[in-house]
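Below: one structure, written as structure tokens.
What you see is a predicted model, and the numbers here were worked out from it, not measured in a lab. Side chains included, hydrogens not; waters and symmetry mates left out as well; all remaining heavy atoms used.
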Amino acid sequence: QVQLVESGGGLVQAGGSLRLSCAASGRTFSSYAMGWFRQAPGKEREFVAAVSWRGGTTTYAASVKGRFTISRDNAKNTVYLQMNRLKPEDTAVYYCAQEKGRMGTTSNHAYDYWGQGTQVTVSS
């Protein structure tokens, strides 16, 4: 059984930074791409960032490109999301997810395991 546990969320002022972590267990972490998604109140879940199985390829939503960085440490079975220059519109519950494949896609249908989410709140 795959388990994904996010941590690192919290309350931050606009312009600040947070680093989210997601610890994975249950299947060979290094064999799968990982992604981060978010869902704000009243909105659908949206793609934020993805990283390929070895970390060589990263993909970002246009709204976070240049501000967020996704990375992974396969030795620690952990994926990270460094979020800089945060804006109030980044407020959401952030979820990590493990893809069925290796490349890191933007569609949530490509991911078969999800964490429970961590709240990020950015005040203005």
Could you give all pairs that pass the salt bridge (Lys or Arg N to Asp or Glu O under 4.0 Å) test and reach residues 91-108, with sequence neighbours left out? none

Test side chain to side chain contact (heavy atoms under 4.5 Å, CB included) applied to [X] - qualifying residues, sequence neighbours left out:
X      : value
Thr28  : Ser30, Ser31
Lys65  : Tyr60
Gln119 : Thr91, Val93, Thr121

Do Met34 and Val2 sit in the same hydrophobic cluster, where Ile, Leu, Val, Met, Phe, Trp and Tyr count as joined when their side-chain heavy atoms come under 4.5 Å apart? yes

Are Tyr80 and Trp36 joined in one hydrophobic group, where the rule is that I, L, V, M, F, W and Y side chains link up if heavy atoms are under 4.5 Å apart?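 No: no chain of side-chain contacts under 4.5 Å links Tyr80 to Trp36.
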
Step by step, would you call Thr105 with Thr59 a side chain to side chain contact (heavy atoms under 4.5 Å, CB included)? CA-CA 8 Å; Thr105 65; Thr59 307; over 6 Å; no

Which pairs would a plain distance check flag for residues 6-18, meaning a side-chain donor or acceptor within less than 3.5 Å of a matching protein atom at least two apart in sequence or in another chain?
from: Glu6; atom 1: OE1; to: Gln116; atom 2: N; distance (Å): 3.1
from: Glu6; atom 1: OE1; to: Gln116; atom 2: NE2; distance (Å): 3.3
from: Glu6; atom 1: OE1; to: Gly117; atom 2: N; distance (Å): 2.9
from: Glu6; atom 1: OE2; to: Cys96; atom 2: N; distance (Å): 2.9
from: Glu6; atom 1: OE2; to: Gly117; atom 2: N; distance (Å): 3.2
from: Ser17; atom 1: OG; to: Asn84; atom 2: OD1; distance (Å): 3.0

Pairs in or reaching into residues 28-59: which pass disulfide bond (SG atoms under 2.5 Å apart), with residues at least two apart or in two chains? none

What I'd like to find out is whether the side chain of Tyr94 reaches to under 4.5 Å of the side chain of Leu81, using heavy atoms alone. yes

What I'd like to find out is whether the side chain of Asp90 reaches to under 4.5 Å of the side chain of Met83, using heavy atoms alone.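 Result no, sub-4.5 Å side-chain heavy-atom pair not found.
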
If the condition is ring-ring contact (aromatic ring centres under 6.0 Å, His included), which residues does Tyr111 pass it with, not counting sequence neighbours?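 Checked Tyr111 against ring-ring contact (aromatic ring centres under 6.0 Å, His included); matches are Phe37.
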
So, for [X] and [Y], which heavy atoms are closest and what is the spacing to 0.1 Å?
X      : Y     : result
Gly115 : Tyr95 : O-CD2, 3.6 Å
Arg85  : Arg67 : O-NH1, 3.0 Å
Phe29  : Val79 : CZ-N, 4.0 Å

For residues 40-51, please give each side-chain donor-acceptor pair under 3.5 Å, one per line with the distance, not counting sequence neighbours.
from: Glu46; atom 1: OE2; to: Arg38; atom 2: NE; distance (Å): 2.6
from: Glu46; atom 1: OE2; to: Arg38; atom 2: NH2; distance (Å): 3.2

Using the side chain to side chain contact (heavy atoms under 4.5 Å, CB included) rule, take Val122 and Lys87 through it: C-alpha gap first, then chi angles, then the decisive distance, then the call. CA-CA 6 Å; Val122 185; Lys87 305 176 181 179; 5.5 Å; no

Suppose we screen for salt bridge (charged side-chain N to carboxylate O under 4.0 Å, His left out). Which residues come up paired with Asp112, at least two apart in sequence or across chains? Arg27

To the nearest 0.5 Å, what is the distance between CD on Gln82 and CD1 on Ile70? 12.0 Å

Applied to residues 69-78, the side-chain hydrogen bond (donor to acceptor under 3.5 Å, both in side chains) test, sequence neighbours excluded, yields Arg72-Asn74

